[in-house]
Participant: 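Submitted below is the structure of interest, expressed as structure tokens.
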Amino acid sequence: ESAEEASAVAIDSQGRIVVGGWTNFFGKKMALARYLADGTIDTTFGSNGFVIMRPDNPGPGADLTAQPYNDSEIFDLVIGTNDSIVAVGKTRTSLSGTSDDLVVARFTSSGALDPSFNGTGVVIRDVAIGIDNANAVALDADGRIVVAGLSDVSPGPVDTFQMLVAHERAFWPKATD
């Protein structure tokens, strides 16, 4: 059984519609789709208009079925310079817990991961001992990434969630252009 969900949308400088969310393909995977301004799929983006990615195994040609479990989602995205795409969300690769880690990924305008961002195009951070999600993203005046989300600092019978705000240079200093 297949399922998909869109949770983020942005319009690039050419009027193309970029949608982010997840698809259930051997577990939830981060997914992007791009549509032309007239609503038709943009087949020049990714693979026939779509990008499906496992943040823990992001490389080109990665085997999306290799790990028996993966739960990754895009919660928000923003269009950057040169119509690059910054997507944020969460990933979990363990069946035995709820330890989501926050994810920030940057894609080129063609849908490829941008290796100038942290060497792989992806940053995964385990901030606290429980759930860490990146729920929103913005770019500051210099084009640096600012992420907002939540972090579970005390998982257990009563979870204690704290607001999380991270700026690119402070949180992942190797992620600069």
Side-chain angles (χ1 to χ4, degrees), residues 6-14 16-23 25 27-35 42 44-64 66-67 70-93 99-128 131-151 164-177:
S7 54
V9 65
I11 309 296
D12 73 11
S13 68
Q14 297 181 38
R16 298 174 297 199
I17 304 159
V18 180
V19 178
W22 59 268
T23 186
F25 181 75
K28 284 185 183 176
K29 306 292 186 289
M30 293 180 132
L32 291 171
R34 189 168 71 190
Y35 300 87
D42 181 356
T44 67
F45 180 76
S47 176
N48 293 315
F50 301 94
V51 173
I52 300 173
M53 184 194 73
R54 277 183 41 181
D56 62 316
N57 188 12
D63 182 357
L64 297 174
Q67 186 163 327
N70 183 269
D71 182 6
S72 302
E73 301 178 47
I74 292 173
F75 294 139
D76 195 19
L77 61 86
V78 66
I79 305 297
T81 57
N82 300 319
D83 288 333
S84 64
I85 302 160
V86 177
V88 300
K90 62 101 172 183
T91 188
R92 182 184 337 148
T93 56
S99 185
D100 296 344
D101 295 330
L102 72 82
V103 176
V104 180
R106 187 166 70 190
F107 300 86
T108 66
S109 63
S110 68
L113 283 167
D114 181 352
S116 72
F117 180 73
N118 201 45
T120 62
V122 178
V123 171
I124 299 173
R125 287 292 183 261
D126 184 8
V127 179
I131 296 170
D132 302 309
N133 288 346
N135 295 333
V137 63
L139 300 177
D140 72 8
D142 294 322
R144 292 180 302 223
I145 300 165
V146 181
V147 174
L150 64 90
S151 190
L164 168 70
V165 178
H167 192 276
E168 180 176 344
R169 299 244 167 144
F171 200 54
W172 47 89
K174 294 181 181 178
T176 58
D177 292 76

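This one's a predicted model, so the numbers in the text were calculated from it and none came from an experiment. Just the heavy atoms: all of them, side chains too, but no hydrogens, waters or symmetry mates, feed the values below.
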Participant: Can you give me the closest heavy-atom contact between Ser7 and Gly21, atom names plus distance?
Facilitator: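 The pair with the smallest heavy-atom distance is OG-CA, 3.8 Å.
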Participant: Measure across Leu77 and Gly20 and return the closest heavy-atom pair with its distance rounded to 0.1 Å.
Facilitator: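 That closest heavy-atom pairing would be CD2-N, 3.5 Å.
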Participant: May I ask you to check whether Thr120 and Asn118 show a side-chain donor-acceptor distance below 3.5 Å?
Facilitator: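 No, no side-chain donor-acceptor pair sits under 3.5 Å.
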Participant: Would you say the side chain of Val88 lies within less than 4.5 Å of the side chain of Ile74, judging by non-hydrogen atoms?
Facilitator: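 No, their side chains stay 4.5 Å or more apart.
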Participant: What is the distance from atom CZ of Phe45 to atom CG of Asp83, rounded to the nearest 0.5 Å?
Facilitator: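 Between atom CZ of Phe45 and atom CG of Asp83 there are 10.5 Å.
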Participant: Do Ile11 and Ile79 have side chains that get closer than 4.5 Å, going by heavy atoms?
Facilitator: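 Heavy-atom side-chain distance check fails, nothing below 4.5 Å.
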Participant: Between the main-chain N or O of Asp142 and the side-chain N or O of Asp140, is there a donor-acceptor pair closer than 3.5 Å?
Facilitator: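 Checking the backbone N and O of Asp142 against the side chain of Asp140, a donor-acceptor pair under 3.5 Å is found.
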Participant: If you round to the nearest 0.5 Å, how far is CD1 of Ile85 from CZ of Arg106?
Facilitator: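 CD1 of Ile85 is found 12.0 Å from CZ of Arg106.
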Participant: Determine the minimum heavy-atom distance between Val103 and Met30, stating which atoms define it.
Facilitator: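 Looking at all heavy atoms of both residues, the closest pair is CG1-CE, 3.7 Å.
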Participant: Under 6.0 Å from the CG atom of Asn82, do we count more than 12 heavy atoms belonging to anything else shown?
Facilitator: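 Counting other residues, nucleotides and ligands, CG of Asn82 stays at 12 neighbours or fewer.
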Participant: So, applying side-chain contact (heavy atoms from CB on, under 4.5 Å) with Met53, which one of Thr91, Leu113, Leu32 is it?
Facilitator: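 Option passing the side-chain contact (heavy atoms from CB on, under 4.5 Å) with Met53: Leu113.
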Participant: Where is the tightest heavy-atom contact between Lys29 and Ile52, given as atom of each residue plus distance?
Facilitator: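 Here Lys29 and Ile52 meet closest at CB-CG2, 3.5 Å.
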Participant: Would you say the side chain of Phe50 lies within less than 4.5 Å of the side chain of Thr23, judging by non-hydrogen atoms?
Facilitator: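 The answer is no, as the side chains (C-beta and beyond) never meet within the 4.5 Å cut-off.
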Participant: Arg34 and side-chain contact (heavy atoms from CB on, under 4.5 Å): which partner among Thr44, Val19, Ile17?
Facilitator: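 Passing option: Thr44.
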Participant: Is a side-chain N or O of Asp76 found less than 3.5 angstrom from the main chain of Val137, in a donor-acceptor match?
Facilitator: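 It does hold such a pair.
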Participant: Measuring only between side-chain heavy atoms, which start at C-beta, is Leu139 closer than 4.5 Å to Ile145?
Facilitator: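 Leu139 reaches Ile145 side chain to side chain.
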Participant: Sub-3.5 Å donor-acceptor pair from the side chain of Asp114 to the main-chain atoms of Ser116, do we have one?
Facilitator: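 Flag set: sc Asp114 to bb Ser116 pair under 3.5 Å.
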